[in-house]
2 protein chains.
Amino acid sequence: MPEPAPPPDEPDREDLRTRFLAAAEKLVRQHGPDGLSLRELARAFGSSTMAIYTLFGGKPGLMQALYAVGFARLHAYALSAEHRDAPLRWMVRQMLAYRRFAFDHTGLYRLMFGGEKRFIPTDRHSRFASLTAPVDNAYPAFAALIDAVGGCLAHHRETPPDPAEVQDLAFLVWGQMHGLVGLEIAGYADPAGALGRYRNAIRFICTHCGADAADVEAELNAAP
Amino acid sequence: MPEPAPPPDEPDREDLRTRFLAAAEKLVRQHGPDGLSLRELARAFGSSTMAIYTLFGGKPGLMQALYAVGFARLHAYALSAEHRDAPLRWMVRQMLAYRRFAFDHTGLYRLMFGGEKRFIPTDRHSRFASLTAPVDNAYPAFAALIDAVGGCLAHHRETPPDPAEVQDLAFLVWGQMHGLVGLEIAGYADPAGALGRYRNAIRFICTHCGADAADVEAELNAAP
DNA sequence: GCCAGTGCTATAACACTGTTATTGAGTCGA
DNA sequence: TCGACTCAATAACAGTGTTATAGCACTGGC
């Protein structure tokens, strides 16, 4: 088969994808993940809906692409908190960054964690025990969390921690962060005290990892 | 104005509402909270969509009613775990019941905590500090959590705990439960180890409340 | 220069959705 | 019995995702 098709990944085509995704992200930010309309997106972009079909294959494809954009954003937040030389600082700032991401990009956050399974890519293959594939290659944001938790745990112990224990604890930390943030986004938390309770959770978890309470307090006060 | 309207809350009318809600709950269970269609509901019920409009005022009204049904269900789960004479058992079983509810009624759970604000009734008036009104009168499920956490905390201390501290801790517990369950529902958790990690979180939190680790283990083993 | 071939987009149509105006059947009280 | 009223069924409207059709632009070979 001579494959007469021209290269489908020309640079302008990829550029079109990113520009469509940027416009879609803005609409998701405005109207929520369920309020995104292909027709409105095409209208805002000045084209027809067919362009979305050729670029993404349909609305699920667009949503999956937005999903990947969201995790890339979350990964950037995690990277901005990286302090491999100061594990406690690393962990505190990463937990704070997680909450910041959720409220900077609430639409994406709800899309990523709303539980609409059809948006999650299905080709998963993970070498982690407690976390499924989004951690592995596609979305390295959660690997950063594992590294931070593992570093914090190793720093306050004599023997290196068991990787399985690190993964389970990291998942617990993730669950605590996601739970508080999710309840707040859903409207169940008093907005006034929400940040304070989140900082309480950071104190709670970091001391459980072996950190000194005064050190955690200092890191919380020093965090931007 | 003589108000010639007949009493709008006849018993058969209320019965119709509950039967509609049961059918809607079944559809939400099958197709998720976003997959509920008024036309499909009316078809399954053997009537027209107009009945839904006269009974609930529209789709948001139907969703709000389903929302209330969900919290009533959650409250029933919490009540089934009540052990006011054994606070640790109470807390352990309530946390387990929360997870059980989420997976027995995943559709309702996603509706309740998916973050679609228009489904949450807006007339809130709460006397709680950290939790907004769903706790107060409309949805007593979270008051049960506060009672359990407060009872567990009081049982392992000499001085009665500060109500504000109890509320904040209960919100932390809620956040931990919701986070783990939410991540699992969204598909991020390895299903095999999910229950084990949830039980780990119960150990984690109960010992933080002052309970003995061996007692927590015994309660976990004794729980149904 | 022309011509097939190919990829992409706009247009129009289809099957849905929630919502509403209209109409007709039924019921209750005077 | 008759008017008033409630309520549900029908049909229509605006919106959605998706698909078939057709036309445009652009390439490669002659």
Side-chain angles (χ1 to χ4, degrees), chain A residues 1-21 23-24 27-28 30-67 107 111 114 116-119, chain B residues 1-21 23-24 27-28 30-67 107 111 114 116-119:
Chain A
M1 190 168 285
E3 193 193 23
D9 39 39
E10 313 151 12
D12 54 346
R13 186 186 165 91
E14 199 60 30
D15 188 60
L16 251 179
R17 271 181 64 101
T18 60
R19 286 195 299 161
F20 256 108
L21 285 176
L27 289 181
V28 164
Q30 291 174 355
H31 307 128
D34 295 338
L36 176 59
S37 152
L38 291 192
R39 291 178 138 95
E40 186 180 0
L41 174 61
R43 222 176 312 147
F45 207 76
S47 84
S48 172
T49 62
M50 284 310 300
I52 305 174
Y53 278 82
T54 58
L55 283 176
F56 301 96
K59 191 169 186 181
L62 173 70
M63 288 310 208
Q64 282 196 18
L66 261 180
Y67 188 88
L111 170 67
E116 204 68 38
K117 291 238 176 55
R118 72 192 146 120
F119 295 152
Chain B
M1 191 169 285
E3 194 192 26
D9 39 39
E10 312 151 14
D12 55 343
R13 185 185 166 92
E14 199 60 31
D15 188 61
L16 251 178
R17 270 180 65 100
T18 60
R19 287 196 297 161
F20 257 109
L21 285 177
L27 290 181
V28 164
Q30 291 174 355
H31 307 129
D34 294 338
L36 176 59
S37 151
L38 291 191
R39 291 178 137 97
E40 186 180 1
L41 174 60
R43 222 176 309 144
F45 207 77
S47 83
S48 170
T49 62
M50 284 311 298
I52 304 174
Y53 277 83
T54 59
L55 283 176
F56 301 96
K59 189 168 188 182
L62 173 69
M63 289 309 209
Q64 282 195 16
L66 262 180
Y67 188 87
L111 171 66
E116 204 67 39
K117 291 239 174 52
R118 71 194 147 121
F119 295 151

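Throughout, a chain's letter reflects where its sequence line sits, starting with A, and its residues are numbered from 1. Reckoned from all heavy atoms, side chains included, excluding hydrogens, waters and symmetry mates.
- Shown here are the salt bridge (Lys or Arg N to Asp or Glu O under 4.0 Å) partners of A/Arg43, two or more places apart in sequence or in another chain: there are none.
- Here B/Phe20 pairs with B/Phe45 under the ring pair (Phe, Tyr, Trp, His ring centres under 6.0 Å) rule; sequence neighbours left out.
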Start with the C-alpha distance between A/Leu36 and A/Leu62, add both sets of side-chain angles, then the distance that settles side-chain contact (heavy atoms from CB on, under 4.5 Å), and finish with yes or no. CA-CA 10 Å; A/Leu36 176 59; A/Leu62 173 70; 3.9 Å; yes
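- Looking at residues two or more places apart in sequence or on another chain, you find no salt bridge (Lys or Arg N to Asp or Glu O under 4.0 Å) involving B/Arg39.
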At under 4.0 Å between heavy atoms, which parts of nucleotides 10-21 of chain D does protein reach? Answer with one letter per nucleotide, 5' to 3': B base, S sugar-phosphate only, - none. B-B---BBBBB-
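- B/Leu55 places its CG atom 11 Å from the P atom of D/dA9, with the value rounded to the nearest Å.
- Atom CZ in B/Phe56 sits roughly 16 Å away from atom C1' in C/dG18 (whole-Å rounding).
- Not counting sequence neighbours, the partners of B/Arg17 by the side-chain contact (heavy atoms from CB on, under 4.5 Å) test are B/Glu14, B/Leu55, B/Phe56, B/Ala65.
- Atom CG in A/Leu16 sits about 7 Å away from atom P in C/dT9, given to the nearest Å.
- Between the C1' atom of C/dC8 and the CZ atom of A/Phe20 lies a distance of 12 Å, rounded to the nearest Å.
- Note on B/Ser47: every side-chain N or O is 4.0 Å or more away from OP1 and OP2 of D/dA8.
- Remark: A/Gln30 pairs with A/Lys26, A/Leu27 by the side-chain contact (heavy atoms from CB on, under 4.5 Å) rule, at least two apart or across chains.
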